Amino acid sequence: MSKSAVTPRLEAIRYSRGSLSILDQLKLPHSSEFITIANCAQAAEAIKSMQVRGAPAIAVTAVLSLAVELPSMVEKSADLKMFVRMIDDRLEVLGNSRPTAVNLFEAIGRIKKILSQATAQPGNNSNPIQNLSSTLVNFAEGMLEKDISDNRAIGSYGADLFKGKSKIKILTHCNTGSLATVGYGTALGVIRALHERGQLEHAFATETRPYNQGARLTAFELVYEKIPATLITDSMASFLMKQEKIDAVIVGADRVVANGDTANKIGTYQLAIAAKHHGIPFYVAAPLTSIDISKSSGDDIHIEQRPANELTHIFGQRLAAEGIEVWNPSFDVTPAELISGIITEHGVVLPELSQNCFDLPAFLKGVAGK
Ligand code: MRU
C-alpha cells in the first residue's frame, strides 16, 4: 500500500477504472491520507483494521478492490474455470474481514450469482473471461453510483417525516455520513437533508465509545459541512433527551433482520431504550442492502468482537489500567419494538402495530413488485 498526503475532503473512497484508494479513517481528524488499494487482500486488511468502515463503505470498497484486481487475474487465468476459482478465493478473503454488516455479504452473494450465470451459460461468446471481467467491473461501478442516489433518497424520505416542523433537534450515534458510505450518508444524510431544507436547529452526536467514530468522524463531517452540532459523551444521552427535548434519534444499521431487529454500533440499544422512556421517536436509516430477511430475529446476528486495545487505548495511548479484562462487542441489537420506523431509499417502513415488529419480507416484496 502506498500513501500520499492530500487536503482534507469528505470522501471515503476514490475510484476511477483501474485505480482505488481509500481515506485512512484511523488518521482522522488529525490528517487526511489516502491509501492505495490494489487488490482484495489489501481491502480485507483495510476493512479489518477499520481504515475504511461503515456498512455501505465496506461493501463498496470490497467490490471495487475486486474490480481493480481483475485485470491481473484475467492475465493469469488459463480458462474460465480457473478465473472463477480465483475470484471465489478473493471473495472468501473479503468475507472473512468483518462479520456483522450484511452489505458486504449481500454484495458477495450478487457476485456469486454473476459467476454461476457465467459458468452455467458461457454460450458462444469468444472471450468468456474478458466478458465476465467486464460484467463484474460494471457491477462494482454500478454499486458506487447507486450508493449515493440511495443515500439522497433516504435523506429525503427521512426529512419528510418532519414535514411542516422547524427547529428540529436530532441525536445520532456513530458515523453514518460520507465517510461511512460513498457519499451523503444514511442517518447523517437525513440530518443533512433537514439542514438543507432549513428545518434543522441542531444535531447532537455521541462520541461513540469505544472507538470514537462520533468524536473522530461525525464531528469532523458536521464541522466540515457547517451543520450546527454538539458532541456529547455516550453517557450524556438520557440527560440530553430530557434537557434539550430532542425530536428524534436517528441511527444507521449494519444489519436489519426480517422482524426489524437492528444491529448497529454498540450503544445504539441503550439510546433506543432512553428514547422510549422519553417518548422520543427512534428511527433507523438504512439502504435495502442492509436488510437481511434470511434471519428472522436479532438473536441470529453474529456480533463482531473487536480487539481490547480499541477500548483500552486512544491513538496508541493507554487509558485503562494495565491487566484489566475487556469485553468489546462492536455492535448491539436494538429490538424492533423500540424502533419507530426504518427509513430506506424506497420510503419509511412502519412497524406492524399489532405485533410490535416489522414485516420486512412484505416490504421488500412490495418494492420488487413496483
Ligand atoms: O464499526 P463501524 O464504524 O463500521 O460501525 C459503523 C456503524 O455501526 C454504522 O452505524 C453503520 O455501519 C451504518 S453506516 C451508514
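Order of appearance sets the numbers: ligands from 1, and atoms from 1 within every ligand. Just so you know, these numbers come straight off a predicted model, no measurement behind them.
Within ligand 1, the atoms closer than 4.0 Å to a non-hydrogen atom of Cys174 are 5 (O), 6 (C), 7 (C), 8 (O), numbered from 1 in the order shown. Listed by atom number, the atoms of ligand 1 under 4.0 Å from Ala55 heavy atoms are 12 (O), 14 (S). Residue contact check: Gln213 has heavy atoms under 4.0 Å from atoms 1 (O), 2 (P), 3 (O) of ligand 1. Distances below 4.0 Å separate heavy atoms of Asn264 from the following atoms of ligand 1: 7 (C), 8 (O), 9 (C), 10 (O), 11 (C). Those atoms of ligand 1 with a heavy atom of Lys265 less than 4.0 angstrom away are 1 (O), 2 (P), 5 (O), 8 (O). Close approach to Thr186 involves these atoms of ligand 1, each under 4.0 Å from a residue heavy atom: 15 (C).
If you look at His173 next to ligand 1, there are no close heavy atoms at all, none under 4.0 Å. Residue contacts with ligand 1 for Ala253 involve N, CA, C or O but no side-chain atom from C-beta outward (heavy atoms, distance under 4.0 Å). At a 4.0 Å heavy-atom cut-off, ligand 1 does not touch Tyr211 at all.
Considering both main-chain and side-chain atoms, Ile58 never comes within under 3.5 Å of ligand 1 through any nitrogen or oxygen pair. For the pair Gly54 and ligand 1, the shortest N or O to N or O distance falls below 3.5 Å. Checked against a 3.5 angstrom limit, the closest N/O atoms of Arg98 and ligand 1 fall inside it.
Using a 4.0 Å cutoff on heavy atoms, Ala101 does not count as a contact of ligand 1. Residue contacts with ligand 1 include Met50, since one of its heavy atoms falls under 4.0 Å from the ligand.
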- [ ] Could you walk me through whether His30 and Phe315 pass the ring pair (Phe, Tyr, Trp, His ring centres under 6.0 Å) test, one step at a time?
- [x] CA-CA 11 Å; His30 303 306; Phe315 286 117; 4.8 Å; yes

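Neither side chain, His277 nor Ser238, offers a donor N or O lying under 3.5 Å from an acceptor on the other. Side chains of Arg53 and Gln25: a donor on one and an acceptor on the other come within 3.5 Å. Between the side chains of Asn328 and Gln305, not a single donor N or O lies within less than 3.5 Å of an accepting N or O. Using modelled atom types and a 3.5 Å distance limit, the side chains of Asp254 and Thr100 yield no donor-acceptor pair. Side chains of Asn175 and Thr218: a donor on one and an acceptor on the other come within 3.5 Å. Side-chain contact check for Asn264 and Thr262: no donor-acceptor pair (N or O, by modelled atom type) lies under 3.5 Å.
Among protein heavy atoms, atom 11 (C) of ligand 1 sits closest to Asp254 OD1, 3.3 Å. Taking atom 14 (S) of ligand 1 as the reference point, the nearest protein heavy-atom neighbour is Ala180 CB, 3.6 Å.
A donor-acceptor contact shorter than 3.5 Å links the side chain of Asp247 to the backbone of Lys169.
Under the 6.0 Å distance and 45° angle rule, Arg216 counts as a cation-pi partner of Tyr211.
Atom CG of Leu319 is surrounded by more than 12 heavy atoms from other residues, nucleotides or ligands within 6.0 Å.
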